[in-house]
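Below is one structure; the comments refer to it alone.
Letters A, B, ... are given to chains in the order of the sequence lines, protein chains preceding strands, and every chain is numbered from 1.
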Number of protein chains: 2
Amino acid sequence: MATTSQGPAFEDLTARARIRDAALGHFAEYGFARATIRGIAQSAGVSLGLVRHHFGSKEALRQACDEYVMEATRQYNQQSLAGGPPDEAAFAAASRSAMHPLFRYVARALIDGSVTAANMFDEMVGMTEQWLVRRDQDRGEPPLADARSRAALITAMAVGIPLLHEHLSRALATDIFGPEGDRRVALGLLDIYSHSLISAEYAAASQAAFDKPHP
Amino acid sequence: MATTSQGPAFEDLTARARIRDAALGHFAEYGFARATIRGIAQSAGVSLGLVRHHFGSKEALRQACDEYVMEATRQYNQQSLAGGPPDEAAFAAASRSAMHPLFRYVARALIDGSVTAANMFDEMVGMTEQWLVRRDQDRGEPPLADARSRAALITAMAVGIPLLHEHLSRALATDIFGPEGDRRVALGLLDIYSHSLISAEYAAASQAAFDKPHP
DNA sequence: GACCGTCCTATACGTGTGTATTGTCAGCTG
DNA sequence: CAGCTGACAATACACACGTATAGGACGGTC
C-alpha cells in the first residue's frame, strides 16, 4: 500500500507517519470495522502499543487519517483550482481525481460513517452544483431536476467508481488503479459524459408520465 | 426495515423468513462485518440459537440472503424484460431499479465481498454492454472507449447511488427512498442521462492529449 | 401411550479485538 | 550523575461476537 503520493516516499518516515499511512491503506481496503489495530501496526512495522501511544484509540486514529486526507485535499484544490473559474477541464479533472489513492480512502470512509468524509462529500456536491448552474445557462429548455439533485447524483456516481474498483477491475480484466485501467476509465468517463445515453425526447416524455404515477 | 416488496407483508411470516428479512436489513444497513447475529435475531423476534438452527452460520445466512435476492431479481427480470429488446425505457427502468430496497442489499454486498453479488454485477455489466452496442450503431464517430469499459463504469456509477443513499439523502434534504426523494432521483437521472455534461469537442481533444501523457 | 422430528430457548465456550497497564531504553537537562 | 520525558514493546484485561451444546415444547405417527 505505497506511501501517499509525493512526500518522503521512503520507509524512513517517522513511526507516526508510517502508522497513519498503514491505517489509510487498511481502512481503505478492509473498511473501518474489519481493519484491526494489530494489522495496522504490523504493516507499519511497529508494536500494538505504539499505535495507542500515538493516537490513543482506533476512532482517534481514524480521525487523524480523516484530517490528514482533508488537509492534503485542501492543498491539492488550492494549487489546482486557483487558476480560473470551473470549466470542462476542471470537471473532467475532478471526475478523474476519483482515482487518486487518497480518494479511495474517502470513498470507503463515506460508507463507514466518517463525519469528515461526509463533509467532503457535501463540499463536492456544492462544487458540482456551481459547475452545473453555470452550464445550465447555455441550455435551452430548463433541466428536469434542480441543480442540487443532479449535483448530488453526479457526485455519488463518481464516488461509486473507486468504491467498486474491485468489480470494475474484474469487468475490465485490468486493475483500474494501474496505467492501462486508468486510461480506459478516463476515456470511458469522457465518452459517457460527452454523449447522452438516452434521448431528450424520451426523458421529457418520461418526466410527463412521472407526474401521473398511477395510470 | 419493512418486508420485501409484496409478499405476505405481515409479521405472521414463518420465523425463517423473518430472520432472513431481518438479516437483509441489517446486512444492507450495517454491512456484513458490523451486523451481528444477535441483532438480527432481536429484530426478527427470535432467539440467537434459532438463527443458527435455520441457517447454520453467519456466512451461510449471508448466502441464503444472496440466493433469495438473486431469485427475486431473476423473477423480476423475467417478467419485466420479457417484452422486447432493450430500449430507452428498459435502460431507465434498470437505472431506477437501483432504488429498489433489495438492490440496496446487493450494493452493500458488493462492498462486503459477496461472490453472488459480484456475479450479479457482472450480469448487469453484460446487459448494459448489450444496450450500449445497440445504441452505438446510431452514433456517428466511434466511441472513445470500448462498450465494456463504458458498461462497467455506468454500472458502478448506478450502484454508487444506493451505496451513498445516506449522503445523497442529506444533500437533498429528503430521504431518497421516500416518494419525494425517489422522484427527484428519477428526474435527476433522466436529465443527466439525456444531456451530455461536457462537449464532444473537449472530450475528443482530451482523448488526443491523453495519448501523450507527459507534455 | 411411546417414539421421533422440528422449532425454539437458554447457556456456555473460545477467540479475536479494542483498551489499559507496566516496563525498558535513549536522549536531554539540571 | 541524577532526574525527567517521550518513544516503544510486552503483557494482561474486558468484552463482544460467532459458535457449540443441552434441553424443552409441540405435533405427528405407530
Side-chain angles (χ1 to χ4, degrees), chain A residues 1 3 8 10-68 105 108-109 111-116, chain B residues 1 3 8 10-66 68 105 108-109 111-115:
Chain A
M1 73 212 60
T3 59
F10 265 43
E11 288 309 64
D12 53 16
L13 290 166
T14 169
R16 192 174 197 279
R18 265 187 295 136
I19 294 171
R20 167 177 41 71
D21 286 353
L24 283 169
H26 278 242
F27 287 157
E29 184 157 2
Y30 306 114
F32 184 74
R34 284 178 54 205
T36 69
I37 297 187
R38 284 172 175 81
I40 293 169
Q42 189 170 2
S43 289
V46 299
S47 77
L48 168 67
L50 192 60
V51 179
R52 173 170 172 77
H53 171 70
H54 278 299
F55 296 95
S57 72
K58 190 182 183 184
E59 180 59 37
L61 176 57
R62 189 239 290 263
Q63 288 184 11
C65 290
D66 284 358
E67 289 172 13
Y68 173 78
Y105 170 84
R108 180 70 207 215
I111 299 295
D112 290 334
S114 155
V115 289
T116 307
Chain B
M1 74 213 61
T3 59
F10 264 43
E11 288 308 63
D12 53 17
L13 290 165
T14 168
R16 193 174 196 278
R18 265 186 296 135
I19 294 171
R20 168 177 39 71
D21 286 353
L24 283 169
H26 277 243
F27 287 157
E29 184 157 359
Y30 306 114
F32 184 74
R34 283 178 54 205
T36 69
I37 297 187
R38 284 172 174 82
I40 292 169
Q42 190 171 3
S43 289
V46 299
S47 77
L48 168 67
L50 191 60
V51 179
R52 174 172 171 77
H53 170 69
H54 278 299
F55 297 95
S57 72
K58 191 183 183 183
E59 180 59 38
L61 176 57
R62 188 239 289 264
Q63 288 184 10
C65 290
D66 283 359
Y68 173 79
Y105 170 84
R108 181 70 207 215
I111 299 295
D112 290 333
S114 155
V115 288

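- A donor-acceptor contact shorter than 3.5 Å is absent between the side chain of A:R20 and the backbone of A:C65.
- In this structure, A:H54 atom NE2 and D:dA9 atom P are separated by 9 Å, rounded to whole Å.
- Within the 4.5 Å cutoff, no side-chain heavy atoms of B:L61 are placed close to those of B:H54.
- Atom-to-atom, CD1 of B:I37 to C1' of D:dG18 comes out at 6 Å; the value is rounded to the nearest Å.
- The CD1-P distance, from B:I19 to D:dG18, rounds to 14 Å in whole Å.
- Here D:dC17 presents its C1' atom at 12 Å from CZ of B:F32, a figure rounded to the nearest Å.
- Here CD1 of A:I19 is found 9.0 Å from NE2 of A:H53. Values are rounded to the nearest 0.5 Å.
- Annotation: proximity of residues 45-52 of chain A to DNA chain C (heavy atom, distance under 4.0 Å) is found for A:L48, A:R52, numbered in ascending order.
- Legend: residues meeting ring pair (Phe, Tyr, Trp, His ring centres under 6.0 Å) with A:F27, ordered by chain and number and at least two apart, are A:F32.
- The backbone N or O of A:A60 sits less than 3.5 Å from a side-chain atom of A:S57, completing a donor-acceptor pair.
- No N or O donor and acceptor, one from the side chain of A:R38 and one from the base of C:dG16, sit under 3.5 Å apart.
- In this structure, the CZ atom of B:F55 is 13 Å from the C1' atom of C:dC7, given to the nearest Å.
- One interatomic measurement links the two molecules: CD of A:E59 to C1' of C:dG18, which rounds to 12 Å at whole-angstrom precision.
- The interatomic distance linking A:R18 (CZ) with D:dC8 (C1') rounds to 11 Å, in whole Å.
- Along DNA chain C, the nucleotide nearest to A:R34 and the one nearest to A:G56 differ in position, and the one closer to the 5' end is contacted by A:R34.
- Counting any heavy atom pair closer than 4.0 Å across all strands shown, A:A60 reaches no nucleic acid atom.
- Looking only at distances, no side-chain donor or acceptor of A:K58 sits under 3.5 Å from a matching main-chain atom of A:R52.
- When heavy atoms are screened at a 4.0 angstrom cut-off, A:A41 is found touching no nucleic acid atom at all.
- Between A:H53 and D:dC8 there is no side-chain polar atom (N or O) within less than 4.0 angstrom of OP1 or OP2.
- The distance from atom CD of B:Q42 to atom NE2 of B:H26, rounded to the nearest 0.5 Å, is 8.0 Å.
- The distance between atom NZ of B:K58 and atom P of C:dG16, rounded to the nearest whole Å, is 15 Å.
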